[in-house]
Engineer: 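Handing you this structure, nothing more for now.
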Amino acid sequence: MGVVPAETLITVAPTGAETDKSDAPALPVTLDELVATAKACEAAGAGLIHVHIRDADARPTLDLGRLTDTVQALREGTDLVVQLSTGGAVTDPFEHRLRVLDADPDSCSLTCGTVNFGSDVFMNPWDFMVELYRKTQALEVVPEFELFDLGHVAALNRLLDKEGLPYGGKVHCDLVLGVPGGAPGTTESVVTMARMLPEGATWSATGVGRSTMPVALAALSAGGHLRVGMEDTLTYAPGRPVRDNAELVERAAELSRLALRVPMTVEGARAMLNIKDRRTGVAA
Ligand code: KMH
Ligand code: ZN
């Protein structure tokens, strides 16, 4: 796991695909709401935004036109690293998930294996992983490897062995813990999975629901970065709903400072991940 870095990349995942707007009115589901959220989270210390979008009825969608407009709007309104989800919703077909990259994001998620997801199944078979990975390399999009379970870490190592390094040469992972069916959101999961990551990889962690705080504290002490947001967490404290995504970023920034690690700037995030600068067309 190595040395604890002096800075913390804070990723915000503001929307997700699972929560209904009617159950969480603060969930950003329109483009205007998403851009306003992104600006507030950038001001609060976020460096990267993990994006799921919704259609006109606030249902999850991977519509390519909407995704393209979203990337452009976030790029115009913020300097955040724009990461599109290729996980989408559990019902999204593989070809739509592959097509996400055509929206020209800076980064995309790439989940390294199938996992039970409540009473659903989030499908990520090997051949799909490889096809998606090759497309990230061809389009110079930096993948973030989403790891829901220990076997996903083994699959990531196998992917890198067989297919080489990602675009930009940096391996960045996100431990997604506490999903019903995946690794639990505990310090033990954080440490066990982080130890198995490829040498030199950077990683963040997020704990779903009540595991948010244990996972965040474990990640900070183990040298990881933080992902927070309403995709994963709807309750700020027992009995108290999250006000908005920015307050989760503010809490992450405060935790980071308490751990004597400053929130990473967006330029720091771009450098750490070796993001191709699509804002100016200048290669990383
Ligand atoms: N919504 C989940 C089924 C990702 O964004 O890549 C998948 C997910 C992972 O959220
Ligand atoms: Zn997601």
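Computed from a prediction, not measured in an experiment: that's the story for all the values here. Both ligands and their constituent atoms are indexed starting at 1 by order of listing.
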Engineer: Classify the ring geometry of Phe148 against Phe122: parallel below 30°, tilted from 30° to 60°, perpendicular beyond 60°.
Structural biologist: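 Rings of Phe148 and Phe122: perpendicular, as their planes differ by over 60°.
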Engineer: Side chains of Ser204 and Asp174 only: does a donor on one sit below 3.5 Å from an acceptor on the other?
Structural biologist: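 Per modelled atom types, Ser204 and Asp174 side chains form a pair under 3.5 Å.
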Engineer: Does NZ or CZ of Arg227 fall inside the cone over Trp203's six-membered ring, less than 6.0 Å from its centre and within 45° of the axis?
Structural biologist: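 Not flagged: Arg227 not positioned over aromatic ring of Trp203.
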Engineer: Can you tell me if Lys39 has over 12 outside heavy atoms packed within less than 6.0 Å of its NZ?
Structural biologist: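 Result for NZ/Lys39: open.
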Engineer: Does NZ or CZ of Arg251 fall inside the cone over Tyr236's six-membered ring, less than 6.0 Å from its centre and within 45° of the axis?
Structural biologist: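 Yes, Arg251 lies over the aromatic ring of Tyr236.
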Engineer: Under a 3.5 Å threshold, yes or no: a donor from one side chain and an acceptor from the other, between Asp232 and Thr206?
Structural biologist: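 Present: a donor and an acceptor within the cut-off.
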Engineer: Name the residues in contact with ligand 1, where contact means a heavy atom under 4.0 Å away: which are they?
Structural biologist: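 These residues qualify: Glu18, His50, His52, Ser85, Gly87, Gly88, Val90, Ser109, Thr111, Phe117, Phe122, Glu231.
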Engineer: Thr192 and Ser189: side-chain donor and acceptor closer than 3.5 Å?
Structural biologist: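 There is no such pair (donor and acceptor under 3.5 Å, judged by atom type) between the side chains of Thr192 and Ser189.
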Engineer: Close to the Zn ion (ligand 2), meaning under 2.8 Å, how many protein N, O or S atoms are there?
Structural biologist: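 There are 3 of them.
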Engineer: Just so I know, are the side chains of Leu177 and Val190 near enough to count as touching, which here means a heavy-atom distance under 4.5 Å?
Structural biologist: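 Side-chain contact under 4.5 Å: yes.
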Engineer: Distance-only, no hydrogens or angles: does the Asp55 side chain make a donor-acceptor pair with backbone N or O of Ala58 under 3.5 Å?
Structural biologist: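 Pair found, side chain donor or acceptor close to backbone of Ala58.
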